[in-house]
Amino acid sequence: MISDKINDVITNGMGHIGCVSSSLKPYHADTLANIFDQQKNEITCCLNEVSCEPFLNHVSNGSRVSLFVAVPSHEAYNIKGSVLTLRNVTEDEKSACDLLREKVYGFYEELGIPEHLADRYWLKEPDIAVVFAVDKIFVQTPGPDAGKQV
C-alpha cells in the first residue's frame with residue numbers, strides 16, 4: 001500500500017499525529033520519528049509522553065488517528081488508521097529518533113537555526129510509541145493532487 005517514495009517521507013520527514021476526543025475536540029502531538037513496517041502495514045510513531053500528554057489522554061486501542069508527515073521539499077502525506085497499541089519505545093526506535101534528529105539538525109544548521117533552538121523541539125526522550133494500522137493515505141503536497149487518496 002505504501003510506496004518507497006511515501007515510506008521515505010514517513011521515515012525522513014517531520015510528523016504530527018492527531019486524534020479527537022469523545023466530544024470531537026482535536027488533540028495532537030509531534031512525533032520524534034515514524035517507522036513503517038511494510039509486512040504488517042503499520043506505522044509506529046515515537047513520542048515523548050510528557051510533551052504529548054493531552055493527546056495521549058484521548059488515544060487508546062481502536063482510536064482513529066491521522067498522521068501528517070512532510071519533508072522540506074514540501075512533499076507531504078496524511079495517513080489515517082486505527083491504533084493497535086500504545087507501548088514503550090524500543091532501543092531500535094530510539095536509534096531511529098536519534099538518526100532523524102541528526103538529519104533535522106543538519107538541515108536547521110543550513111538554514112542558520114541554532115542548535116539550542118532546535119533542542120526545544122527535538123531534544124526530548126522518546127518513551128512511548130503509538131502503533132497504528134494504515135488504512136488510508138492522502139497526498140498533501142501542494143499542487144493539483146493535494147487531497148487525493150493514494
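For the single chain, residues carry numbers from 1 onward in sequence order.
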To the nearest 0.5 Å, what is the distance between [atom1] on [X] and [atom2] on [Y]?
X: Tyr77; Y: Ile137; atom1: OH; atom2: CD1; value: 9.0 Å
X: Thr44; Y: Phe36; atom1: OG1; atom2: CZ; value: 10.5 Å
X: Ser23; Y: His58; atom1: OG; atom2: NE2; value: 7.5 Å
X: Leu99; Y: Asn12; atom1: CG; atom2: CG; value: 7.5 Å
X: Glu125; Y: Lys94; atom1: CD; atom2: NZ; value: 4.5 Å
X: Ile79; Y: Cys45; atom1: CD1; atom2: SG; value: 8.5 Å

Heavy-atom check, side chain of [X] versus side chain of [Y], under 4.5 Å:
X: Cys19; Y: Ser63; answer: no
X: Asp119; Y: Glu115; answer: yes
X: Phe138; Y: Gln149; answer: yes
X: Phe55; Y: Val130; answer: yes
X: Ile128; Y: Leu56; answer: yes

Hydrophobic side-chain clustering at under 4.5 Å (ILVMFWY, transitive links): who's grouped with [X]? Put none if nobody.
X: Val131; answer: Leu84
X: Val20; answer: Leu24
X: Tyr121; answer: Met14, Leu32, Leu100, Val104, Tyr105, Phe107, Tyr108, Leu111, Ile113, Leu117, Trp122, Leu123

> Taking everything shown except His28 itself, do over 12 heavy atoms lie less than 6.0 Å from its NE2?
Replying inline: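 No, because the 6.0 Å sphere around NE2 of His28 holds 12 heavy atoms or fewer from other groups.
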> Going through the distances and angles, do Leu47 and Ile17 end up as a side chain to side chain contact (heavy atoms under 4.5 Å, CB included)?
Replying inline: CA-CA 10 Å; Leu47 309 170; Ile17 190 168; 4.2 Å; yes
> Between Asp98 and Lys103, is the closest basic N to carboxylate O distance under 4.0 Å?
Replying inline: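 No.
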> Does the distance from a Lys or Arg side-chain N to an Asp or Glu carboxylate O, for Glu93 and Arg87, drop under 4.0 Å?
Replying inline: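 Yes.
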>> Please determine whether side chain to side chain contact (heavy atoms under 4.5 Å, CB included) holds for the pair Asn78 and Leu67, giving the CA-CA distance in whole Å, both sets of side-chain angles, and the decisive distance to 0.1 Å.
In response: CA-CA 6 Å; Asn78 185 298; Leu67 174 66; over 6 Å; no
ILVMFWY cluster, [X] and [Y] together (side-chain gap under 4.5 Å):
X: Val89; Y: Val50; result: no
X: Val59; Y: Val134; result: yes
X: Ile6; Y: Val65; result: yes
X: Tyr27; Y: Phe68; result: no

>> Could you walk me through whether Phe132 and Ser82 satisfy the side chain to side chain contact (heavy atoms under 4.5 Å, CB included) test, starting with their C-alpha distance in whole Å, then the side-chain angles of each, then the deciding distance to 0.1 Å, before giving a yes or no?
In response: CA-CA 5 Å; Phe132 72 95; Ser82 297; 5.9 Å; no
> So Lys148 and Asp145, salt bridge (charged side-chain N to carboxylate O under 4.0 Å, His left out) or not? Walk me through it.
Replying inline: CA-CA 6 Å; Lys148 287 186 181 176; Asp145 290 334; 3.2 Å; yes
> Taking all non-hydrogen atoms of both residues, which atom of Ser66 and which atom of Lys80 are closest, and how far apart?
Replying inline: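 Nearest heavy atoms, Ser66 then Lys80: OG-NZ, 3.7 Å.
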> So, Thr31 and Asn34: side-chain donor and acceptor under 3.5 Å apart, yes or no?
Replying inline: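 Result is yes, a qualifying pair exists.
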Give a yes or no on whether the backbone of [Y] and the side-chain of [X] come within a donor-acceptor separation of less than 3.5 Å.
X: Asn48; Y: Pro126; value: no
X: Thr11; Y: Ile35; value: no
X: Asp37; Y: Glu42; value: no

> So Glu75 and Gln140, side chain to side chain contact (heavy atoms under 4.5 Å, CB included) or not? Walk me through it.
Replying inline: CA-CA 7 Å; Glu75 185 173 356; Gln140 296 295 289; over 6 Å; no
